[in-house]
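The next block holds one structure in the form of structure tokens; read it before the comments.
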Number of protein chains: 2
Amino acid sequence: MPAKRDPSGAGGRRVTIADVARKAGVSRATVSRVLNGQDTVDPVLAGRVRQVSRRLGYHPSAIAQGLARGASHTIGVVVPDLANPFFPEVVKALTVAAGKDGFSVVVADSDEDPEAELRLIQDVSRRVDGLVLCSPRAGIADLRRVVRKGLPTVCTNRMVDPPLTASVMIDSGRGMQAVIRHLTELGHRRIAYLAGPSSSSSNADRLGALERSLPGAVVIPTGSKSQEGYASAAAAAEAGATAVICFNDLVAFGALARLRALGVAVPGEMSVVGFDDIPAADFVHPALTTVRLPKAELGRRSWEVLRDQLGDHGAGASVRLEPTLVVRESTGKAIGVTEDAVAIGERAGG
Amino acid sequence: MPAKRDPSGAGGRRVTIADVARKAGVSRATVSRVLNGQDTVDPVLAGRVRQVSRRLGYHPSAIAQGLARGASHTIGVVVPDLANPFFPEVVKALTVAAGKDGFSVVVADSDEDPEAELRLIQDVSRRVDGLVLCSPRAGIADLRRVVRKGLPTVCTNRMVDPPLTASVMIDSGRGMQAVIRHLTELGHRRIAYLAGPSSSSSNADRLGALERSLPGAVVIPTGSKSQEGYASAAAAAEAGATAVICFNDLVAFGALARLRALGVAVPGEMSVVGFDDIPAADFVHPALTTVRLPKAELGRRSWEVLRDQLGDHGAGASVRLEPTLVVRESTGKAIGVTEDAVAIGERAGG
DNA sequence: TTGAAAGCGCTAACAC
DNA sequence: GTGTTAGCGCTTTCAA
């Protein structure tokens with residue numbers, strides 16, 4: 001038998017628009033019209049087409065549609081780490097918003113690796129109409145090199161200057177200021193910061209705000225996971241801090257666990273603050289005081305800004321969102337500030 | 001006046017292979033060969049092509065490639081809820097494994113909504129070479145109707161009988177048995193189960209195992225989120241249970257928080273067990289005893305099983321993975337088993 | 001209202 | 001080695 005495989009449906013061949021057209025006794029154009037909801041088709045034919053189409057189990061190839069239409073109606077979003085609850089929430093809101101406008105979202109996870117991120121960006125770029133870069137970790141120069149010119153793009157939580165893309169930012173610095181105000185009002189003088197990935201722009205913003213408002217703060221390179229918070233928390237205690245600000249809630253969870261293991265009471269002897277306000281922050285003990293970042297709004301606005309570029313405007317707005325401090329149980333009065341602790345701190349701080 | 005379609009909106013027409021071919025003075029076929037790493041091209045030409053391609057910022061359209069090649073080298077995975085840390089871990093491992101074989105993964109989140117899930121499945125099916133359904137929530141009949149015949153598919157954590165797809169399962173029942181053994185060895189007699197979504201097959205498996213091993217258990221419909229665990233935990237306490245098994249770790253977090261609010265000591269007065277072993281389980285207090293599901297392996301094996309189908313149109317294997325009980329601090333001796341509690345339990349249980 | 005035909009951007013025989 | 005020529009499955013003029 002020739003190479004052509006059995007068209008009667010039993011074989012593995014994909015059902016195409018041509019199959020439907022043939023069975024229904026119409027042209028492919030008509031099938032296309034019917035299935036795309038154009039009302040310029042004879043109801044009788046339309047009915048027949050629909051029925052045959054259903055009977056054959058026909059589903060138009062999105063790939064072919066994409067090629068023919070010149071647009072895939074799909075956008076990509078690349079995130080550093082889906083396992084960090086911050087990102088799924090952004091992605092979900094983004095997906096819902098885009099979905100309402102008939103766009104699908106494909107998600108890619110770079111696993112906090114700048115190299116992988118660059119590769120993913122290029123890869124995803126080849127198959128989407130637009131791109132959202134969530135807190136990208138790659139260097140600005142690399143980013144600039146890799147973001148395809150002409151591909152509508154929005155970048156969140158990352159200032160790229162001069163802007164190569166539209167941006168939606170959360171003012172992390174403001175969040176940090178609120179934390180510092182809260183902590184100093186409680187009497188804390190010696191404060192440690194468990195810093196996030198050096199590649200994180202949010203981390204840089206927070207660090208900047210910290211050093212501006214509180215030049216003497218102890219900065220401890222940490223990371224973005226609970227494991228790392230657990231590892232770093234002891235150093236904060238040893239540095240004589242009475243309060244520790246964590247890069248994110250996950251890190252704070254780790255710190256909380258370590259402090260407990262160390263027998264350091266929270267908030268009695270040590271206050272702990274996180275960033276993000278992930279759902280679990282309200283369920284750990286003590287409930288975590290944290291800076292709530294508007295994750296859902298970040299997702300929604302990202303889509304809106306992207307959509308505007310998709311439409312026509314090459315411009316691309318620049319949106320800035322505000323975080324809010326959520327005070328729970330993990331912060332309290334700095335009753336632990338003694339001469340002794342300060343002395344230790346001084347020594348440790350150099 | 002749309003003279004020429006410009007889907008990218010933001011100005012410049014897309015750079016195509018034809019542009020590169022023209023500038024480089026070769027045919028499109030040659031450009032294609034060079035860029036796809038065929039070594040049958042004159043090195044001089046190849047060099048020129050590569051240079052022109054880079055200078056023009058050419059990136060082949062994955063859409064067009066997909067059409068021409070008859071395969072997109074992309075697979076889809078649909079999950080019930082990316083915000084549940086269980087799924088990102090599966091997805092990550094799956095992505096890594098697939099990536100090694102040159103496949104991209106697109107992720108879709110149904111938000112625990114069976115309707116949305118069905119829609120997503122159909123949508124994603126139109127643009128991928130294969131599909132992984134992670135713990136699908138839709139009914140079997142619907143699933144069967146919607147999964148495109150001939151599309152390689154693997155289904156995790158969901159028995160579909162007769163199998164319409166290959167499957168990779170985690171034996172939830174075994175996990176439940178291990179939990180019950182652990183708990184009864186500790187002396188617990190009155191045990192409550194905070195059940196997951198009724199649409200969850202894992203939940204059904206656990207429930208089945210529970211009712212088989214422990215007919216008198218108190219079952220409290222709950223859900224899959226901490227919020228819901230928080231809401232249900234009081235009922236478990238009121239039912240006189242000395243141990244509560246939670247559908248997943250997130251639910252357990254909620255239960256832990258509620259029990260604390262209620263002044264019920266864990267594990268002193270109440271033991272708490274979760275399922276999944278998400279990273280945070282080891283950092284909450286008390287550290288959560290839980291059934292560890294091999295998430296990464298689930299992802300990897302799913303890819304392997306799918307890949308086998310991608311190759312030939314074989315039936316598709318059926319893999320079964322084993323969970324392991326991880327005992328931490330949230331379970332302990334049932335010192336709270338008194339005549340009184342048993343009496344209350346008896347009454348509540350009917 | 002419908003069909004024929006020309007692509008969308010790319011790859012893959014098949015010649016030369 | 002390299003170019004020519006068909007498509008991949010679909011949409012969309014343009015005629016009829």
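Lettering of chains follows the sequences in order, A, B, ..., and the numbering in each one begins at 1. On a predicted model such as this, the values are computed, not experimentally measured, just so you know.
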Sugar-phosphate only, base, or nothing, as touched by A:Ile63 at under 4.0 Å among non-hydrogen atoms: nothing
Whole-Å gap separating C1' (D:dG9) and CG (A:Leu35): 13 Å
A:Val26 side chain, from C-beta outward: closest of C:dG3, D:dC10, C:dT2: C:dG3
Proximal nucleotide (of D:dT12, D:dG9, C:dC10) relative to the B:Leu67 side chain: D:dG9
Toward the 5' end of DNA chain C, by each residue's nearest nucleotide, B:Ala64 or A:Arg28: A:Arg28
Integer-rounded Å distance: C:dC8 P and A:Arg126 CZ: 19 Å
Heavy-atom donor-acceptor pair, A:Arg33 side-chain to C:dG3 base, under 3.5 Å: yes
Between C1' of C:dT1 and CG of A:Leu45, the distance in whole Å: 9 Å
Touch class at under 4.0 angstrom, heavy-atom based, for A:Ser61 against every strand present: sugar-phosphate
B:Thr153 side-chain N/O to B:Leu151 backbone N/O, donor-acceptor pair under 3.5 Å: yes
Distance below 4.0 Å between A:Thr30 side-chain N/O and C:dG3 OP1 or OP2: yes
Overall bend - the helix from C:dT1-D:dA16 to C:dC16-D:dG1, comparing terminal axes fitted on five pairs, nearest 10 degrees: 40°
Distance-only polar pair, side chains of B:Ser302 and B:Thr156, donor-acceptor under 3.5 Å: no
Phosphate-side-chain proximity, B:Ser27 and D:dT2, N/O vs OP1/OP2 below 4.0 Å: no
side-chain hydrogen bond (donor to acceptor under 3.5 Å, both in side chains) evaluation trace for A:Asp109 with B:Thr95: CA-CA 9 Å; A:Asp109 177 334; B:Thr95 302; over 6 Å; no
Nucleotide of C:dC10, D:dG3, C:dG7 approaching A:Ala68 most closely (side-chain heavy atoms): C:dG7
No-H, no-angle donor-acceptor pair, A:Arg69 side chain to D:dG9 base, under 3.5 Å: no
